Amino acid sequence: MPKEQAPALPSTLVLTGGREIRMREMIPNSHPVRMHEHAAASISPSMLSTELLGFPPEARVLIVNCDDLGMHHDINIAVIDSIAAGIATSCSLMTPCPAAHHALQLLRQQPEIPFGIHLTLVCDTPHYRWGPLTPKEKVASLLDEQGLMFAATPAGRAALLAGARLDEVELEFRAQIHAALDGGLTPTHLDFHCLADGGRDDILDLTLALAAEHGLAVRVWLQPKRQEIRAQGMPVIDHPFLDSFSLPTDHKGAQYSRLLRDLPAGLSEWAVHPSVGTRQTRTIDSGWLVRQTDYEFLTSAAARDLLRQENITVIDYRVIQQAWPQPSRSA
């Protein structure tokens, strides 16, 4: 197949207060970890992100990231356990959600657990809702008639993306990032809840600029942006992204086992959604069975054994973060 031509990054993005981020400043002169010194000048379209990180071309490398930390208590318990005792390697925190305070407490108690900010502009269901961290009058374009975030239905997402003002998205994203920073915690990356790459090009470009400001990586999983960013020397996934909500719940363990056996060379990422299946979870979360079956596999001995048998290297977002540009100390 002919290789896609990567479009150029936008030259500048204007943030709150008139500050301009020059997107080309996001491109590092050198990478601090496991990257070939000449890579920035010699990246070929066929080079894998794993090679940018110093792995051999045949290496199979996987990030297993638990999304939705902070949504509710049962998710929080299962996410931490899936990392501490299972095969998951990192997680993503939803700071506007009802159980975010509990999640922040758990992360402070276990500072070795890497986490990102699961940038949140929608709610999962019409009956379990939350609002923004920013005062509502400052982000009115992000809210429905009830003053809450839109439901993550096709209609809800379409309404959000049609009306969301970028300056208000920035205010809310900054508030969500600072909810962790101001709590004494340091995230590794930014990603999105129920919106592929933010849902709009300008939202993704804003997120890349915020990541550069804070020295974070960004989960990017759609083409052509994925290829574009890799071509600039920043590792992103090499293969289609797996969201566990796309898998049937029947025989979930067997499906995951097959996916591990078939994992291609390069960098892959699975976004998993573990939760313990209590009565409360089943009442408020229509996706509880997806989450319970994820949790069962992630904490199973079979999963750990299969990773060893298949010689798959599992990394977390700290490895990716260190290969993305860091703010200059003079900034």
Side-chain angles (χ1 to χ4, degrees), residues 6 9 23 26 31 48-50 52-53 61-71 79 82-83 88-96 113-122 124 152 157 161 169 172-174 176-177 180 185-246 263 266-274 294 314-326:
L9 284 165
M23 300 299 278
M26 295 169 57
H31 291 278
L48 297 169
S49 287
T50 43
L52 295 179
L53 293 167
V61 180
L62 177 64
I63 298 171
V64 183
N65 190 86
C66 298
D67 288 6
D68 299 351
L69 181 69
M71 185 183 293
V79 166
S82 295
I83 298 171
T89 52
S90 60
C91 57
S92 297
L93 170 67
M94 300 173 69
T95 53
I113 290 180
F115 75 98
I117 303 299
H118 208 39
L119 296 168
T120 303
L121 295 177
V122 293
D124 282 48
R157 280 189 284 245
L161 295 173
V169 174
E172 180 59 20
F173 280 5
R174 287 187 180 277
Q176 292 182 21
I177 294 167
L185 295 169
T186 304
T188 59
H189 67 283
L190 303 175
D191 57 38
F192 302 96
H193 180 61
C194 292
L195 291 172
D197 286 0
R200 285 187 348 208
D201 288 345
D202 60 341
I203 293 177
L204 179 57
D205 289 336
L206 165 68
T207 304
L208 290 167
L210 293 173
E213 182 179 318
H214 293 286
L216 308 177
V218 179
R219 173 197 281 167
V220 180
W221 56 279
L222 295 179
Q223 295 286 33
K225 184 68 80 171
R226 196 176 80 204
Q227 180 182 351
E228 170 193 341
I229 290 176
R230 189 190 305 109
Q232 305 299 333
M234 293 179 282
V236 291
I237 56 172
D238 294 311
H239 306 294
F241 177 84
L242 176 70
D243 185 312
S244 69
F245 269 87
S246 68
L263 197 75
L267 179 62
S268 301
E269 181 177 359
W270 292 0
V272 293
H273 303 83
D294 276 5
V314 184
I315 65 171
D316 62 64
Y317 260 100
R318 287 173 295 196
V319 177
I320 308 300
Q321 178 192 19
Q322 290 170 355
W324 276 55
Q326 299 299 303

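Worth saying up front: this structure is predicted, and the values here are computed from it rather than measured. Position 1 is the first residue of the sequence; numbering continues from there.
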Donor-acceptor under 3.5 Å (Gln321 side chain, Gln326 main chain)
no
Are any non-hydrogen side-chain atoms of Leu93 and Pro187 less than 4.5 angstrom apart?
no
Distance check, rounded to the nearest 0.5 Å: Lys225 atom NZ versus Asp197 atom CG?
9.0 Å
Can you name the nearest heavy-atom pair linking Phe241 to Ala271, along with the distance?
CZ-CB, 3.3 Å
Residues Glu172 and Pro96: closest non-hydrogen pair is OE2-CG, 4.2 Å
Would you say Thr95's side chain and Gln176's backbone share a donor-acceptor pair under 3.5 angstrom?
yes
Within a strict 4.5 Å, meaning less than it, do heavy atoms of the Tyr317 and Arg219 side chains meet?
yes
Side-chain heavy atoms of Ile229 within contact of Leu208, under 4.5 Å
yes
In terms of ring plane angle, is the pair Phe192 and Phe173 parallel, tilted or perpendicular, where the classes change at 30° and 60°?
tilted
Can you confirm whether the side chains of Ser268 and His239 place a donor and an acceptor under 3.5 Å from each other?
no
Looking at CG of Leu69 and OG of Ser90, how far apart are the two atoms once the value is rounded to the nearest 0.5 Å?
11.0 Å
Return the NE2 to CH2 distance between His214 and Trp324, rounded to the nearest 0.5 Å.
14.5 Å
Once rounded to the nearest 0.5 Å, what's the spacing between atom OG of Ser82 and atom CG of Asn65?
11.5 Å
Please name the residue in the list Val218, Leu267, Leu52, Val220 that meets the side chain to side chain contact (heavy atoms under 4.5 Å, CB included) test with Val236.
Val220
Is it the case that the side chain of Trp221 and the backbone of Arg226 share a donor-acceptor pair, with hydrogens and angles ignored and the cut-off at 3.5 Å?
no
Quick one, Phe115 and Ile83 - any side-chain contact, counting heavy atoms below 4.5 Å?
no
With the side chain counted from C-beta on, respond yes when Trp270 and Asp294 share a heavy-atom pair under 4.5 Å apart, and no when they do not.
no
With sequence neighbours left out, what residues match Asp238 under salt bridge (Lys or Arg N to Asp or Glu O under 4.0 Å)?
Arg230
Nearest-0.5 Å distance, CG of residue Leu190 to CG of residue Leu216:
5.0 Å
Answer yes or no: is there a side-chain heavy-atom contact under 4.5 Å between Leu195 and Leu161?
yes
How long is the span from the CD atom in Gln322 to the CG atom in Leu53, to the nearest 0.5 Å?
10.0 Å
Is there side-chain contact between Asp316 and Thr188, with heavy atoms separated by less than 4.5 Å?
no
Could you check whether any side-chain N or O of Thr89 sits under 3.5 Å from a backbone N or O of Ile315, counting only pairs where one atom can act as donor and the other as acceptor?
yes
Is it true that a side-chain atom of Thr120 and a backbone atom of His118 form a donor plus acceptor pair closer than 3.5 Å?
yes
Does any non-hydrogen side-chain atom of His189 lie less than 4.5 Å from one of Ile320?
no
Minimal non-hydrogen separation, Cys66 against Pro274, with atom names:
SG-CG, 3.7 Å
Apply side chain to side chain contact (heavy atoms under 4.5 Å, CB included) to residues His273 and Met71 and explain how you reach the verdict.
CA-CA 11 Å; His273 303 83; Met71 185 183 293; over 6 Å; no
No-hydrogen, no-angle side-chain donor-acceptor test under 3.5 Å, Asp67 and His193
no
Taking every non-hydrogen atom, the tightest pair across Ser246 and Asp243
OG-O, 2.6 Å
